[in-house]
Amino acid sequence: MPPKIIKTVLPLALLFPLASMAAGEEAKPDPRKQLAFEVIDRNAQQMTDISDSLFYFGELGMQEFESTKLLQDTLTAAGFKVELGGAGMPTNFWAEYGSGQPKIAIVTEVDALPGGSQTPGTYERRPLVKDGPGHMEGHNTHGGVASMAAFAVKEAIARHNIPGTVAISFGPAEEQLASRPFLVRGGYFKDVDAVIYLHIRDALATGFGLQNYAAISSVFTFHGKTAHGANNPWDGKDAVDAVELMSIGFDKLREHLRPTYRAHRTITFGGIQPNIIPDKGQIWWFVRDASMPAAKETYDKLLKIAEGAALMTGTTWDVKYAASAWPQLANKAMAEAIQKNIDAVGMPKWTEAEQQFARDFQKAAEKPVVGLRSAPIPFGGRTQTAASNDNGDVSWVVPAAIFTFPSSVPGIEYHEWKAAVTPVSSISHKGQIVGAKVLAASIIDLLTSPELLQKARAEFEVESKKTPYFSLVPPDAKPDVELNRAEMEKYRPEMRKLYLSKAPRFN
Ligand SMILES: [Zn+2]
């Protein structure tokens, strides 16, 4: 829908109290944004064809081959320079259009989740492919919205001779926090001036301040000596005992950790059968906290506990880095600019049928029956949650904003199959259109307003220096490109039958 131009007798300073400098500009439509909005309206079908196609690919992290191929074909045909396979990950995707500075990047992801297969449009449990993976967080929509917004910005750059570059980063395996620290290490953001992190939600919103938790994920393996459990157990060194002692040891530590910490573990190898003393034991840990230095402090204690467990059992041990994520540092200056575009574009106009579907769905899911949101989230800071997202690393090396678009039903939680009911619905499609418009307009602001970029950078210099960034990735670590491969290969033949076989072309 067209941007809403606010006609009012109120002083503009009241409408835009946080950005009085820009208030004058907002009074008349910006032709560059108008052009971008027209491009998006004209290409809405192409955008949702991308998102819908990605839904049916339903690819797990590091296995996003069909998804990135479609994005590569679409964006190459649209005039973007596309790099696939950088930073040692075959499905790592980076695309650019334009030249030189400023360079503004969209950072997002397109991976699905194991067990998430579900027939869209029905909230009865009905997988498309039994036990198969699927988009139960709606990351498929990120592919369409990011590509659409970048293409609309490209058209504005070309028509209005805007200097600079628009880039898109689709990082692999967000659900396993497995790629962004490698992208940062690979120098992808060195010449980027600002990034906007894009995610689906049930709301049109931005925010600022620390978002999410720091996380460190590592797999500990103990090595012992096997023996008969009855005949000569005294000859054995029990590696699973070491796993248990590590777990107990950490439980003793819990009382002495700061209340913000989180730590959880799963035993990934616990022996073969009771009468065989196991020579291998394995335990996988997540340690989290509100800041990375705090998480690291707990993690260092965990390493000592592993050492102690090995000492007590006469075993040896090793540890393998699995993943890590810094909390996201969301930039306020950029959020203010995004909010102005949110307020100008506004929420989609839902039909009564869409509202009714949402209410019926909420009722069936035993959630508050509130329907779809009719207004954007008011501007403000957002509370830090204990979940993690590896794009956090990016926000400590370049000013970063967060932006979410309204393509799902309030109350329907992600990471369960119910969230796979609506990602290809008209609710999702309409949310994607406003999402692409706000995103494109915000990138145009960042490309054309040196004052905004300067303000974002100045804030970043102060905030990021409070906790200087360090990488958790060991120097010799490589991304785990085998991640999810077996699981994906198992289901792909059945899933392939459902592919939409579209070849969207922007115009
Ligand atoms: Zn996500």
Side-chain angles (χ1 to χ4, degrees), residues 50-51 54-55 57-64 67-68 71 89 91-93 105-118 133-147 149 168-181 183 195-207 211-215 217 286 288 323-328 330 377 382-395 400-424 428 431-432 435-436 439 483-484:
I50 296 171
S51 298
L54 264 50
F55 178 86
F57 293 149
E59 293 179 303
L60 297 170
M62 292 289 175
Q63 306 304 319
E64 306 98 330
S67 306
T68 50
L71 293 163
M89 293 172 277
T91 60
N92 181 46
F93 182 105
I106 302 164
V107 172
T108 188
E109 57 277 323
V110 294
D111 56 329
L113 284 152
S117 182
Q118 168 66 15
H135 276 288
M136 53 178 173
E137 197 176 311
H139 283 181
N140 61 302
T141 60
H142 299 176
V145 174
S147 303
I168 309 179
S169 167
F170 292 113
E174 186 281 323
E175 297 293 357
Q176 285 83 24
L177 312 176
S179 70
R180 270 57 173 265
L183 291 188
V195 313
I196 298 180
Y197 176 62
L198 176 73
H199 204 287
I200 185 173
R201 207 184 144 190
D202 59 23
L204 188 56
T206 182
Q211 314 285 312
N212 288 330
Y213 257 35
S217 160
F286 274 27
R288 308 192 207 228
S324 58
W326 276 64
Q328 295 149 301
I377 304 289
R382 303 209 314 197
T383 48
Q384 191 177 13
T385 75
S388 306
N389 186 316
D390 66 350
N391 69 52
D393 281 55
V394 179
S395 70
I402 51 165
F403 169 58
T404 58
F405 57 96
S407 279
S408 59
V409 176
I412 306 301
E413 299 290 340
Y414 297 136
H415 289 220
E416 57 172 304
W417 63 265
K418 292 188 190 86
V421 170
T422 55
V424 299
S428 169
Q432 290 175 46
L439 183 55
L483 189 69
N484 297 317

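Worth saying up front: this structure is predicted, and the values here are computed from it rather than measured. As the structure lists them, so they are numbered: ligands from 1, and atoms in each ligand from 1.
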Could you label the plane-to-plane angle of the Phe405 and His142 rings as parallel, tilted or perpendicular, counting under 30° as parallel and over 60° as perpendicular?
perpendicular
Under a 3.5 Å distance rule, please check whether Ser408 uses its side chain to pair with a backbone N or O of Arg201 as donor and acceptor.
yes
Give a yes or no answer on whether the side chain of Asn484 reaches the backbone of Gly61 with a donor-acceptor pair at less than 3.5 Å.
yes
Please determine, by modelled atom types, if Asn391 and Gln328 share a side-chain donor-acceptor pair under 3.5 angstrom.
yes
Going by atom types alone, do Asn212 and Gln384 pair a side-chain donor with an acceptor below 3.5 Å?
no
Residue and atom, protein N/O/S, under 2.8 Å of the Zn ion (ligand 1)
Glu137 OE2, His139 NE2, His199 NE2
Which one of Asp390, Asp393, Val394 satisfies the side chain to side chain contact (heavy atoms under 4.5 Å, CB included) criterion with Trp326?
Asp393
